[in-house]
There are 2 protein chains.
Amino acid sequence: MTTLSSAAAVLRCYSADRCDLTVTQVSGLLGMPKSNASRLLRAMAACGLLEPVGASKRYRPGLLLHEAGAVFRTSSALTQRADEVVARVAAASGHTGYVSRRDGVEMVAVTDHPGMHALRVASSIGRRLNAGASATGRSLLARLPDAEIRALFTPFPTPPSANAPSNADELLRRVEAVRRRGFACAIDEANRGVGAVAVAVGDPQTQSEVSLCITFPAALMNEAERIELARELHEGAAAIAALTGDARFPAAFRAEAGAA
Amino acid sequence: MTTLSSAAAVLRCYSADRCDLTVTQVSGLLGMPKSNASRLLRAMAACGLLEPVGASKRYRPGLLLHEAGAVFRTSSALTQRADEVVARVAAASGHTGYVSRRDGVEMVAVTDHPGMHALRVASSIGRRLNAGASATGRSLLARLPDAEIRALFTPFPTPPSANAPSNADELLRRVEAVRRRGFACAIDEANRGVGAVAVAVGDPQTQSEVSLCITFPAALMNEAERIELARELHEGAAAIAALTGDARFPAAFRAEAGAA
DNA sequence: AACCTCTGTTCCGGTTTTTGGCACAATGAC
DNA sequence: GTCATTGTGCCAAAAACCGGAACAGAGGTT
C-alpha cells in the first residue's frame with residue numbers, strides 16, 4: 001500500500017452521502033492505524049487534494065480535485081458530443097438525462113441534465129449504479145463479448161430488486177436484446193418507480209465508451225413514449241458513431257417493447 | 001518532495017489549455033527525471049487518479065477525480081446557496097454568471113451558468129483569474145484587512161491590462177471602494193471587452209468565502225444596468241449572509257458608478 | 001466541577017518505497 | 001536506413017512511511 005494508493009483509497013471513501021471525512025472514519029473504513037490516517041489526511045490537505053471543513057476536524061475534497069475533474073469532463077470529445085445529444089433530448093422531453101461511463105460492474109455519471117417536470121429523477125452524479133441492473137449499464141455491456149460479461153459478473157452481485165436480472169444467464173439474455181434492438185431499457189430496477197432508456201457509443205481512437213441515458217418516473221411514460229425517447233437517443237448516438245468510426249455501434253434500431 | 005506532493009503537482013499541470021500530459025512534459029514542467037515521471041504517471045493511473053488516453057502515451061485526469069470534484073461542489077452549502085442566486089440572476093439577465101473562490105492571489109470558478117445571448121462570456125471553469133485584477137477577486141479581498149492584502153500582493157503581480165490596478169496602493173483604493181459600495185466592478189481588466197460585477201459572502205461556521213459574479217460584454221451594458229445587476233447579486237448575497245451570520249458582509253449597497 | 005470517553009496528534013525505531021543517473025527499447029521522422 | 005526523441009528497467013543510496021503506544025483536547029455525563 002503506497003501513499004499514493006492510500007490517498008486514492010481515501011478519495012474513494014467520498015460519495016454523495018459522505019461528503020466529509022474524519023481521521024477516525026478513514027481509519028475505520030480503510031482499516032489503517034489512526035496515526036497513519038491522521039498523517040495521510042494532513043499530507044493530502046497540504047497538497048490541496050483535501051481541505052479542512054471549518055475549524056479542522058473534517059476534511060472534504062479540495063479545489064485541486066474540482067479543477068482536475070473539470071479537465072476530465074472537457075477533455076473527452078466523446079463525452080462532450082454525447083452530452084450535447086443528451087442535453088437536447090432531455091430538454092425536449094423535460095426528463096432527466098445524463099452521460100455515464102462504466103467502471104468495473106458499476107456506472108458513474110459524468111454529466112447530467114436535471115429534468116424540468118415537478119416529478120423528476122434526481123441527479124445521479126456522485127452515485128454509482130449497478131451496471132447489470134440499469135439501462136445505462138447494459139447498453140455498455142452489450143458492447144462486450146458474452147464471455148467477458150460473464151467473467152465480470154462472477155460472482156454475481158445481489159440484484160437490487162425483483163425486476164433486475166438475478167443471475168448471469170438472465171443478464172446475458174437482456175444484453176442480447178439490447179444488441180438486437182439498439183437500445184437498453186430498465187423499469188423499476190435500481191430505483192423504485194424509476195425507468196430509463198439508454199444507448200451506448202464509443203470512440204475507437206481513444207478506446208473510450210459512454211452511455212447516453214434518459215431517466216423518468218416510470219408511471220409517467222408509456223411504451224410508445226419510451227421507444228420514441230430511445231429513438232431520439234439512438235439517432236444522436238448514431239451520428240457520433242459515424243464521426244468516430246465506432247464499428248460496435250448497433251446501427252439497427254428496433255422498436256420492440258419490454259425491458260432489455 | 002513526497003510522492004503525494006509530486007502527484008498533486010502533476011494535477012496542477014492540467015488546465016483548460018492542457019488537458020493531457022506525457023511523461024516528457026511532466027518531466028519538463030516539474031523538473032524531475034524522466035524515469036520518475038514515468039513511474040509516477042503509471043502509479044497515478046493505477047490508482048485511478050489518471051487514465052491513459054487511447055493507446056497509452058498521454059494521460060488525463062481519471063474518473064476518480066471527476067467524482068471527488070463532484071463531491072467538492074455539492075459539499076459546500078455556501079456554494080450551493082450562492083449558486084442558486086447566481087443562477088437566478090444569470091438567467092434573468094441572459095449573461096454568464098459564476099461562483100468562485102480565492103486560492104492565494106488567484107480566483108477559481110466553482111460553478112457557472114453560461115449566458116443566453118449570442119455574444120457572451122465563455123465559461124471560466126478551469127481558468128484562473130488574477131484576484132487583484134477582477135471584480136470577483138476584489139469582492140473577496142475586501143473581506144481581508146489591508147495589511148493582509150498588502151502581504152498577499154508582495155511582490156505585486158504584473159497587471160494584465162491598463163485598467164487593472166498596477167500597484168498595491170491602487171489595489172487598496174479599489175478594495176476600499178468595494179467595501180463602501182458593497183460590490184465590486186471591473187471593466188476591461190483581465191479580459192478585453194469583458195466587464196463584471198461581483199459580491200462576496202462567507203460562512204463563519206465553515207470559514208469559507210465565495211464570490212458571486214455576473215460577467216458580460218462590456219459594450220452591451222451601461223452604468224445603470226451594471227448597478228442593477230450588482231443590486232440583484234447583493235440582495236441574494238445579503239439573504240445568504242443573514243442565514244450564515246456573516247458579520248463581514250457589507251450590508252450597505254451604494255449605487256456609485258465606476259470601477260471598484 | 002471533576003470525570004470519562006472518544007478523537008486526533010506526536011514520537012520512535014525498523015522497514016519499505018522512492019530517487020536519480022544511466023543504459024536500453026520503442027516509436028516516428030527524414 | 002539512420003537519426004532523434006520518447007518512454008522504460010535497473011541499481012544502491014536516501015528518504016519517507018509504517019505501526020504501536022503514549023499523550024493531548026474536546027464533548028458530554030454525572
Side-chain angles (χ1 to χ4, degrees), chain A residues 1-15 17-62 64 75 203-208, chain B residues 1-15 17-62 64 71 75 203-208 245:
Chain A
M1 207 54 166
T2 71
T3 308
L4 200 60
S5 60
S6 303
V10 169
L11 294 185
R12 279 182 222 288
C13 292
Y14 287 99
S15 72
D17 311 317
R18 220 195 339 257
C19 65
D20 49 25
L21 290 172
T22 67
V23 169
T24 311
Q25 269 180 305
V26 170
S27 156
L29 286 166
L30 302 183
M32 108 192 337
K34 274 192 307 179
S35 56
N36 252 340
S38 171
R39 278 178 303 220
L40 180 57
L41 291 185
R42 189 157 19 138
M44 289 176 73
C47 295
L49 291 173
L50 301 183
E51 62 183 24
V53 176
S56 157
K57 256 174 112 76
R58 316 176 83 71
Y59 290 90
R60 67 172 172 212
L64 181 53
S75 72
D203 180 351
Q205 189 122 32
T206 63
Q207 293 183 11
S208 53
Chain B
M1 207 52 166
T2 73
T3 309
L4 200 60
S5 60
S6 303
V10 169
L11 294 185
R12 281 183 220 286
C13 292
Y14 288 99
S15 72
D17 311 317
R18 219 194 340 256
C19 65
D20 49 25
L21 289 172
T22 66
V23 169
T24 311
Q25 270 180 304
V26 170
S27 157
L29 286 165
L30 302 183
M32 112 193 331
K34 275 192 305 179
S35 55
N36 248 338
S38 171
R39 278 177 305 217
L40 179 58
L41 291 185
R42 195 172 16 184
M44 289 176 73
C47 294
L49 291 174
L50 301 184
E51 61 183 26
V53 175
S56 158
K57 256 174 110 76
R58 316 177 83 70
Y59 290 90
R60 69 171 170 211
L64 181 54
V71 170
S75 72
D203 180 350
Q205 190 122 32
T206 63
Q207 293 185 8
S208 53

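Note on naming: letters A, B, ... go to the chains in the order of the sequence lines (proteins, then strands), and numbering restarts at 1 for each one. Note that this is a predicted model, so its numbers are computed, not measured. What you see below is based on every heavy atom in this structure, not just the backbone, and it leaves out hydrogens, waters and symmetry mates.
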Counting side-chain heavy atoms from C-beta on, which of [options] comes nearest to [X]?
X	options	result
Val23(B)	dT6(D), dG19(D), dT8(D)	dT8(D)
Ser6(B)	dG7(D), dT19(C), dT7(C)	dT19(C)
Ser38(A)	dT10(C), dT19(C), dC10(D)	dT10(C)

Closest approach of [X] to [Y] (non-hydrogen atoms, all atoms of both residues):
X	Y	value
Tyr59(A)	Ala45(A)	CE2-CB, 3.7 Å
Ser5(A)	Cys47(B)	CA-SG, 3.5 Å
Met32(B)	Ser27(B)	O-OG, 2.9 Å

Can you measure [X] atom [atom1] to [N] atom [atom2] for me and round it to whole angstrom units?
X	N	atom1	atom2	result
Arg42(B)	dT18(C)	CZ	C1'	14 Å
Met1(A)	dC17(D)	CE	C1'	13 Å
Leu41(B)	dG9(D)	CG	C1'	16 Å
Lys57(B)	dA25(C)	NZ	P	17 Å
Arg58(B)	dT6(D)	CZ	P	11 Å
Tyr59(A)	dG8(C)	OH	C1'	9 Å
Asn36(B)	dA14(D)	CG	C1'	13 Å
Leu21(B)	dT6(D)	CG	P	14 Å

Open item on the list: Categorize Ser35(A) for me: base, sugar-phosphate, or nothing, with a 4.0 angstrom heavy-atom threshold over every strand shown.
Closed with: base

Open item on the list: Using a heavy-atom cut-off of 4.0 Å across all strands, would you classify Met32(B) as base, sugar-phosphate, or nothing?
Closed with: nothing

TODO: Kindly indicate, with the supporting measurements, whether the criterion side-chain contact (heavy atoms from CB on, under 4.5 Å) is fulfilled by Cys19(B) and Arg60(B).
DONE: CA-CA 6 Å; Cys19(B) 65; Arg60(B) 69 171 170 211; over 6 Å; no

TODO: Just do the side-chain contact (heavy atoms from CB on, under 4.5 Å) check on Cys13(A) and Leu30(A) with the steps written out, would you?
DONE: CA-CA 9 Å; Cys13(A) 292; Leu30(A) 302 183; 3.9 Å; yes

TODO: Hey, which sits more toward the 5' end of DNA chain C by its nearest nucleotide, Thr2(A) or Arg39(A)?
DONE: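 Closer to the 5' end of DNA chain C: Arg39(A).
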
